[in-house]
Amino acid sequence: MKLAESFYIGGSVTTIAKKLLGKILVTKINNKVTSGIIVETEAYSYKERGSHAFKGLTKRNEVMFERGGKAYVYLCYGVHEMFNVVTNDERKAEAILIRALEPLKGIDIMLERMNKNSPARITSGPGKLAKAMGIDRKLNGEELWMNKIWIEDKGIKIKPTDIVSRPRIGIDYAGEDALLPWRFTVRENKWISKK
DNA sequence: TAGAGGATTGAT
DNA sequence: TCAATCCTCTAC
């Protein structure tokens, strides 16, 4: 079952970021289906400096200001596409960066996209999982209950005690907001990014 | 219209 | 530790 629009509305962005752990992200790009269990997320809000939305609406981040349940995809460092899930109501710009997956379906397709022979760590990082899943900026603004990219409510059950909270990665410019423990991972999962 | 820099990655 | 690489955003 695809998660409905209501999943993405009406909870704090950190609560939804935690609820996304264990869910399944699925893409169908050029008729190729790939999927993976979400094992790492980061929450971003217009209220804090770590977020693209902090300084207000721009052409790049306008999807963040729309109603929750859409994909926000942008180019980072001119090299990598990043996939985010937009949450909550219009104007309350919040989004969740999907940072790591445990591959499920279409692993052969992922290997081909990544030019790799082994699936080890193939989706352990936001840039890598976007590429492996075939996600690019053409999906920016796409609703997550249509037929290109969606999230399913099965996967694995994550107990609250199995969720680890830490500061987010790569946002030193955010000052003390960089210390917010808004990065969530499944405890001891081998697919999470970095160390 | 120019200049700076980034929610990363992989190689050195 | 560092380069790749291309937008976006800001300031002039």
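Keep in mind it's a predicted model, so treat the numbers as computed, not measured. Every chain is numbered from 1 and lettered A, B, ... according to where its sequence line falls, protein lines coming before strand lines.
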Measure all distances between protein nitrogen or oxygen atoms and nitrogen or oxygen atoms of nucleotides 10-12 of chain B, and list the pairs falling under 3.5 Å.
residue : atom : partner : partner atom : Å
B/dG10  : OP2  : A/K128  : NZ           : 3.4

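Contact annotation for A/R60: backbone-only contact, meaning every heavy-atom pair under 4.0 Å involves sugar-phosphate atoms and none involves a base. When heavy atoms are screened at a 4.0 angstrom cut-off, A/R49 is found touching no nucleic acid atom at all.
Judged by the 6.0 Å distance and 45° axis criteria, A/K2 is not positioned over the aromatic ring of A/W145. By the 6.0 Å and 45° rule, A/R60 stacks over the aromatic ring of A/Y74. Under the 6.0 Å distance and 45° angle rule, A/R91 does not count as a cation-pi partner of A/Y46.
Distance A/D172 CG to B/dG5 P: 14 Å, rounded to the nearest Å. The nearest whole Å value for the distance from the CG atom in A/L129 to the C1' atom in B/dA7 is 12 Å. The interatomic distance linking A/R137 (CZ) with B/dA7 (P) rounds to 14 Å, in whole Å. In this structure, NE2 of A/H52 is placed 12 Å from C1' of B/dT8, rounded to the nearest angstrom. Note: NZ (A/K194) to C1' (B/dT8) measures 7 Å, nearest angstrom. Going from atom CZ of A/F54 over to atom C1' of B/dG6 covers 17 Å, rounded to whole Å. Whole-Å rounding puts the A/E42 CD to B/dT8 P distance at 7 Å. When the C1' atom of B/dA7 is taken as reference, atom CZ of A/F184 falls 15 Å away, rounded to whole Å.
B/dG5 and C/dC2 are spaced 15 Å apart, taking the C1' atom of each and rounding to whole Å.
Using a 4.0 Å cut-off between charged nitrogen and carboxylate oxygen, A/E42 and A/R166 do not count as a salt-bridge pair. Using a 4.0 Å cut-off between charged side-chain N and carboxylate O, A/E152 and A/K23 make no salt bridge. At a threshold of 4.0 Å, the pair A/E40-A/R183 counts as salt-bridged, since one of the basic side-chain nitrogens sits closer than that to a carboxylate oxygen. Using a 4.0 Å cut-off between charged nitrogen and carboxylate oxygen, A/R49 and A/E176 do not count as a salt-bridge pair.
Protein chain A contacts DNA chain C over a range whose 5' and 3' limits, counting nucleotides with an atom under 4.0 angstrom from a non-hydrogen atom, are C/dA4 to C/dT10.
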request  = Could you check A/V85 against A/I16 for side-chain contact (heavy atoms from CB on, under 4.5 Å), going step by step and ending with a plain yes or no?
outcome  = CA-CA 10 Å; A/V85 174; A/I16 298 171; 5.9 Å; no

task = Run the numbers on A/S124 and A/S193 for side chain to side chain donor-acceptor pair (under 3.5 Å), then give the verdict.
result = CA-CA 5 Å; A/S124 299; A/S193 70; over 6 Å; no

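Between A/T87 atom OG1 and A/I9 atom CD1 the span is 7.5 Å, to the nearest 0.5 Å.
In terms of heavy atoms, A/S45 sits closest to A/E94 at OG-OE2, 3.6 Å.
Side chains of A/Y72 and A/H52: a donor-acceptor N/O pair is present below 3.5 angstrom, by distance only.
Proximity of residues 67-104 of chain A to DNA chain C (heavy atom under 4.0 angstrom from any strand atom) is restricted to A/L75, A/Y77, A/G78, A/V79.
Using the Watson-Crick or G-U wobble rule with both distances under 3.5 Å, C/dT5 pairs with nothing in any strand shown. Here B/dA7 sits opposite no nucleotide as a Watson-Crick or G-U wobble pair (both hydrogen-bonding atom distances under 3.5 Å).
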